[in-house]
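Report on the following structure.
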Amino acid sequence: MLTFGGMSPRVFLLCLLFPLYPLRAQQVEVLTFPELRERLETGGDTLTVVNFWATWCKPCVEELPGFLAVEDSLRQLPLRFLFLSFDFLREKDRALLDFINTRNIRSRILLFRSQGDNGWMEEVSPQWQGAIPATWFYRASDHLSRFHEGALQKDELLIRIKSYLP
Amino acid sequence: MKKLFVLLPALCLLAMAFRTGDPAGYKPGDKVRDFKLRDVSGEIISLSGLKQANGCILVFTCNHCPFSVAYEDRIIALHQAYASKGYPVIAINPNDAATVPDDSYELMIERAREKKFPFRYLHDESQETARLYGATRTPHLYVLQREGADFVVRYIGAIDNNTEDPEAVTAHYVKDAVEALLQGKQPAIPMTKAIGCAIKWKK
């Protein structure tokens with residue numbers, strides 16, 4: 001039987017694949033707008049808070065701790081947070097991953113891939129003038145959709161979320 | 001009573017003038033007010049000074065925003081293609097340098113020199129021009145067409161449909177708008193939206 005330094009072919013193959021596992025765990029998930037739409041539409045009674053931000057956007061980075069604190073304090077409610085970054089795709093493994101790791105963020109941070117399709121912003125909100133940070137509140141079960149362009153302080157975020165929850 | 005008739009509308013106008021990020025800025029078809037802004041060369045530039053032009057490609061942009069930086073080469077290319085056809089690029093930095101030190105006038109001069117900007121790069125220090133136009137982010141483009149002594153807005157929005165990858169662009173909004181105007185037509189798409197860095201208004 002063919003062996004690789006004493007190992008069976010199966011074990012050898014497993015050893016080849018092993019280094020890939022930590023790499024996979026390290027990658028930042030990329031999401032397109034249609035994929036975002038699908039996640040939102042299948043959310044049922046859960047209120048999704050979509051925060052549009054980027055590591056290079058100062059007001060975005062400043063409001064982030066407030067969002068993370070609110071997320072932490074309301075874990076028992078039908079609520080979930082998605083942090084969608086506009087960092088460039090080629091930067092995702094550096095800038096974005098570094099950001100997540102140095103701050104030890106465990107929340108759902110994804111890289112948003114919106115290029116090539118400019119109609120998507122109208123679907124989020126016709127009022128959106130294109131600046132970030134911006135936050136979109138969405139619930140599929142009753143088609144609740146609210147949008148805020150600009151930074152949101154922790155207190156205001158809490159008030160809004162509580163007003164949207166049953 | 002008579003005083004109220006004068007005072008109330010005046011107060012309303014005053015209040016409107018100070019709204020930030022006001023979507024009630026210019027729309028396609030609007031005639032624009034002229035500006036007098038300082039260029040990186042030190043010269044004061046205005047639209048009325050563009051004697052030869054058929055119009056211009058106005059872009060609100062800045063030194064620091066990664067989206068603006070990603071578009072710099074494409075903005076240079078637009079000027080190189082259309083200045084000789086009467087549509088020069090004019091770049092305007094609307095950001096408050098106190099909030100973003102990277103967007104100071106001195107650093108504008110440096111950036112223009114570094115990238116060898118072939119176009120005017122103006123400092124909207126009071127941010128009045130940005131407010132008037134209803135600019136909200138960088139980059140934010142306005143294609144203007146001259147009609148007699150006036151300049152009229154013909155296109156507002158994004159340069160194209162892919163910030164990150166110039167090779168993957170499938171819709172060249174500004175280029176198509178200018179080409180249409182050069183052929184005596186109106187742009188097929190007069191307005192688009194895109195993500196950019198929010199303009200940093202004075203506090």
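Numbered from 1 within each chain, the chains take letters A, B, ... in sequence-line order.
- The local environment of CD in A/E29 is crowded, with over 12 non-hydrogen atoms from other residues, nucleotides or ligands closer than 6.0 Å.
- Separating the CZ atom in A/R90 from the CG atom in B/D165 is a distance of 8.5 Å, to the nearest 0.5 Å.
- Within a 6.0 Å radius of CZ in A/R113, no more than 12 heavy atoms belonging to other residues, nucleotides or ligands are found.
- Annotation: A/E156, atom CD; neighbour count of heavy atoms from other residues, nucleotides and ligands within 6.0 Å is above 12.
- Between the side chain of B/K193 and the backbone N or O of A/W128, at least one donor-acceptor pair lies under 3.5 Å.
- No more than 12 heavy atoms of other residues, nucleotides or ligands lie within 6.0 Å of CZ in B/R33, so this atom counts as exposed by the packing criterion.
- Between chain B and the options A/P133, A/A131, A/A134, heavy-atom pairs under 4.5 Å are most frequent for A/A131.
- Enclosure of atom CD in A/E35 by more than 12 non-hydrogen atoms of other residues, nucleotides or ligands within 6.0 angstrom is indicated.
- A/Q129 approaches B/T136 most closely through the heavy-atom pair O-OG1, 3.1 Å.
- Summarising the local packing, CD of B/E125 is surrounded by 12 or fewer heavy atoms from other residues, nucleotides or ligands at distances under 6.0 Å.
- Under the 30°/60° scheme for interplanar angles, the aromatic rings of B/F67 and A/F86 are found to stand perpendicular.
- Across B/G157, B/P66, B/G196, the residue that shares the most heavy-atom pairs under 4.5 angstrom with chain A is B/P66.
- The heavy-atom pair separating B/K200 from A/P59 by the smallest distance is CE-CD, 4.4 Å.
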